[in-house]
Each structure stands twice: as structure tokens, then as C-alpha cells.
Enquirer: 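The structure under discussion is supplied below as C-alpha cells; questions concerning it will follow.
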Amino acid sequence: MPAFQTLGLIAKQGDPERVRGTLVRLREHLRARAIEVRLEAESAHLLGAPVGEALAPARLGAVCDLIVVVGGDGTLLHAARVMAPHDVPLLGINLGRLGFLVDVSPDHIESALDRVLAGEFDSDRRSMLDARIVTDQDTGEPEAALNDVTIHKWGTARMIELEIWIDGVFVSAQRSDGLIVSTPTGSTAYALSGGGPLIDPALDAILLVPICPHDLSNRPLVVPGGRSIEVRVRGSEQGHVQVTCDGQTDLRLPPEARVRIARHPHAAHLIHPKGHDHYQILRAKLHWGGHHITRTPPC
């Protein structure tokens, strides 16, 4: 019996012809193996499914035991935030450009799926972040992030002044274009562009990377994953600050409000074809080394 019986399909928006072709291949291959296929709105639209067949994300997470994401890392980031409370594993088909998270090539969909359905896969849990806007009167609703929470300026050319507090203890003040608070998964995303280090996704850590700091002594900082981080905006630019989660969800930061970031109570559950190698992906995507070297493993 296959390891998974009911699969949900989540599709990238845009590039409809390429996505539609991949969805058709997936649905036909799964149906030939007696796997029930459920659809979210975009995949239902692209497949021309009957009205009413599309499921809301929460319902999809409740009835499926595997979600196949067709798109790029951005599509998987969205799916991970929605599906984390359901602990549904995600498998990514890479139709994007970089693909640190979606690692199944569209050329190998059928063979990769067959191995996964046979139970031949690696399971991977990734920590997420929980961001809230806090005022003296209220604590806002949480927003999840798998990659990062970014506090950044908008509508102004001036730097913003930030204070960073960790577990209620003042750490530093900086003038910069903003701050990236990242998971280890997000260390290959915006944080990498900001000069942050690459962190193995198995580490329990949170990364703080300043964006274009005025003082070069403001360097990236890595702290334990259980810390609570609070960012306070000071100075005349308070009304020009925005909070963005995974580059997809935007929150306005009112004057005198604070951003509180901590580990999310749920983790993203990813699965990969057997033999998944995070460092091989880094070598391929970041062009480390010009050729493959075979070495005898150390004793």
C-alpha cells in the first residue's frame, strides 16, 4: 500500500501553460495508481475541475496526507505557512528558478513520486517564526514565516533607527535600512543577500541580519531558536516602517508599536526523494567548485 493515500495539489499562480501541463501529468499518474487527488483553487482552475471541487487551504490540510506543490520556492513558502498547523508534509516540484526548497525536477516527476509513494523519502522539519505587532493596548494576530521576518523602511530614502531586545534584555541600537530576522531555512534567501551566514537547517537558531547598516560594526548575529526578539523603531521615521513575512505578507507598523518575533509553535514538514543532500543543493545553486571530486570517507 502506498505511504500516502490522499494527495493535495497546490499550484503556482502565473505561467499557466507550464503549470497546467505539470498538473495534468501529476493527476493522471496519481489516478493510475489509485491515489485520491484533491485540489486547491488555482490547481482546480487550471485543470478545469467542476465548480465546488476546489478546497479551501484549511480543508485541504485536514483531508490530505501529502501536499504536492507545483511551482517555485515562493509557492512552497505560502503552502508551508498554511499547512504547518495540520502537520501535512510537502513535496515540491520545481518550476521556479532557484529551488532551495522545491527539489523535484519536472523531468523526473513520475519516478520521484513513485519512490515517495513507496515510502522511499527523507523527512525534514523546518522551524518557523511567529511575528506579532505589539502596542501598549494590544497584541496583534500572529503571522507565520518559514524564511524570514523583515522590518524595513518604505516611502522614504532615510535610514530608520532600530533597537533590538532579546528575552527582555537590550542588545543593540542601529541605524540602517532595516533588519532581517531569519530561520536557518531563510539563511539562503534575503539574509544571504544581506551578508548573513549560511546555517544548516537542522540547527535550532534564529539569525538577525542588518540591512545596509550605517555602522559597519553592526554585524549578523545568531541566537538560540528559543529566544524572543523584540524590535523597536525610534526617531522621526516611525511611520515609514513595514514588516514583511517571507516577502509575501505585509504588516504596517504604527508609531510606537513593536515587533515581537519568536519560534512558531508549528514546524514546516518537508519531504524529499531518498538521498536528499542539502550541501549538494548549495553546491549546485551557489556554484561552489568547478567539478565533482570523489574522496574516500574518513574512518
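Throughout, numbering of the chain's residues begins at 1 and tracks the sequence. Bear in mind the structure is a predicted one, so any value in this text is a computation, not a measurement.
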Enquirer: Can you list everything that forms a side-chain hydrogen bond (donor to acceptor under 3.5 Å, both in side chains) with Ser217? Sequence neighbours excluded, please.
Expert: none
Enquirer: Tell me, do Asn94 and Asp103 make a side-chain contact under 4.5 Å, heavy atoms counted?
Expert: no
Enquirer: Identify, with sequence neighbours excluded, every residue that meets salt bridge (charged side-chain N to carboxylate O under 4.0 Å, His left out) alongside Glu161.
Expert: none
Enquirer: A side-chain contact here means heavy atoms from C-beta on lying under 4.5 Å apart; do Leu117 and Leu30 qualify?
Expert: yes
Enquirer: Once ring pair (Phe, Tyr, Trp, His ring centres under 6.0 Å) is applied, do any residues pair with His276, and if so which ones, sequence neighbours excluded?
Expert: His272
Enquirer: Could you tell me the separation between the CG atom of Leu23 and the CZ atom of Arg18, rounded to the nearest 0.5 Å?
Expert: 12.0 Å
Enquirer: If you link I, L, V, M, F, W and Y whenever their side-chain heavy atoms are under 4.5 Å apart, who else ends up in the same group as Trp154?
Expert: none
Enquirer: If you round to the nearest 0.5 Å, how far is NE2 of His287 from CG of Leu282?
Expert: 12.0 Å
Enquirer: If you take all heavy atoms of Leu207 and Ser187, which pair is closest and at what distance?
Expert: CD2-CB, 4.2 Å
Enquirer: Residues two or more places apart in sequence or in another chain: which of them pass side-chain hydrogen bond (donor to acceptor under 3.5 Å, both in side chains) with Ser43?
Expert: Glu40
Enquirer: What pairs with Arg59 under salt bridge (charged side-chain N to carboxylate O under 4.0 Å, His left out), at least two apart in sequence or on another chain?
Expert: none
Enquirer: For a quick test of reading the model, state the closest non-hydrogen atom pair linking Leu46 to Ala11 and the distance between them.
Expert: CD1-CB, 4.3 Å
Enquirer: Tell me whether Gln242 contacts the main-chain N or O of Asp250 through its side chain, where contact means a donor paired with an acceptor under 3.5 Å.
Expert: no
Enquirer: Within the structure provided, determine whether Thr188 and Leu198 are in side-chain contact (heavy-atom separation under 4.5 Å).
Expert: yes
Enquirer: Are the side chain of Asp130 and the backbone of Ala262 linked by a donor-acceptor contact shorter than 3.5 Å?
Expert: no
Enquirer: Any salt bridge linking Arg125 with Asp87? Criterion: basic side-chain nitrogen under 4.0 Å from a carboxylate oxygen.
Expert: yes
Enquirer: Are Ile199 and Leu77 linked, directly or through intermediate hydrophobic residues, by side-chain heavy-atom contacts shorter than 4.5 Å (ILVMFWY only)?
Expert: no
Enquirer: Measure the spacing between CD of Gln280 and NZ of Lys285 and express it to the nearest 0.5 Å.
Expert: 8.5 Å
Enquirer: Check the side chains of Asp65 and Thr6 for a donor-acceptor pair under 3.5 angstrom, ignoring hydrogens and angles.
Expert: no
Enquirer: Run through Arg258, Arg175, Arg234 and flag the one making a salt bridge (Lys or Arg N to Asp or Glu O under 4.0 Å) with Glu163.
Expert: Arg234
Enquirer: With a 4.5 Å limit on heavy-atom distance, are the side chains of Ser182 and Val209 in contact?
Expert: no
Enquirer: Connecting only ILVMFWY residues whose side-chain heavy atoms lie within less than 4.5 Å of each other, what is the rest of Ile166's hydrophobic cluster?
Expert: Leu129, Ile133, Val149, Ile151, Ile160, Leu162, Ile164, Val171, Leu179, Val181, Ile206, Leu208, Leu221, Val223, Ile229, Val231, Val233, Val241, Val243, Leu251, Leu253, Val259, Ile261
Enquirer: So, using salt bridge (charged side-chain N to carboxylate O under 4.0 Å, His left out) as the criterion, who are the partners of Asp204 when residues are at least two apart?
Expert: Arg263
Enquirer: Step by step, work out the salt bridge (charged side-chain N to carboxylate O under 4.0 Å, His left out) result for Glu17 and Arg20.
Expert: CA-CA 5 Å; Glu17 293 308 315; Arg20 182 183 292 110; 2.7 Å; yes
Enquirer: Taking the side chain as every heavy atom from C-beta outward, state whether Phe100 and Leu286 have any atom pair closer than 4.5 Å.
Expert: yes
Enquirer: Counting only N and O atoms by type, is there a donor-acceptor contact under 3.5 Å from the side chain of Thr244 to the main-chain atoms of Thr150?
Expert: no
Enquirer: Check side-chain hydrogen bond (donor to acceptor under 3.5 Å, both in side chains) between Ser176 and all other residues, then give those that pass, not counting sequence neighbours.
Expert: Gln174
Enquirer: What's the separation between atom CG in Asp246 and atom NE2 in His78, rounded to the nearest 0.5 Å?
Expert: 11.0 Å
Enquirer: Search all heavy atoms of Asp122 against all heavy atoms of Pro273 and return the closest pair with its distance.
Expert: OD2-O, 3.7 Å
Enquirer: Taking side-chain hydrogen bond (donor to acceptor under 3.5 Å, both in side chains) as the definition, give me every residue that meets it alongside Glu110, ordered by chain and number, with sequence neighbours left out.
Expert: Arg25
Enquirer: Do Ile35 and Leu113 have side-chain heavy atoms sitting under 4.5 Å apart?
Expert: no
Enquirer: Kindly indicate whether the side chain of Arg158, heavy atoms from C-beta on, has any atom under 4.5 Å from the side chain of Lys153.
Expert: no
Enquirer: A side-chain contact here means heavy atoms from C-beta on lying under 4.5 Å apart; do Val70 and Leu95 qualify?
Expert: yes
Enquirer: Among pairs that include at least one residue of residues 168-208, which meet ring pair (Phe, Tyr, Trp, His ring centres under 6.0 Å), considering only residues two or more places apart or in two chains?
Expert: Trp165-Phe170
Enquirer: In terms of hydrophobic clustering (I, L, V, M, F, W, Y; side-chain heavy atoms under 4.5 Å; direct or indirect links), are Leu192 and Tyr279 co-clustered?
Expert: yes
Enquirer: For residues 112-133, pull every pair meeting ring pair (Phe, Tyr, Trp, His ring centres under 6.0 Å), keeping only residues two or more places apart or in separate chains.
Expert: Phe4-Phe121
Enquirer: Can you check whether Val63's main-chain N or O pairs, donor with acceptor, with Arg38's side chain at less than 3.5 Å?
Expert: no
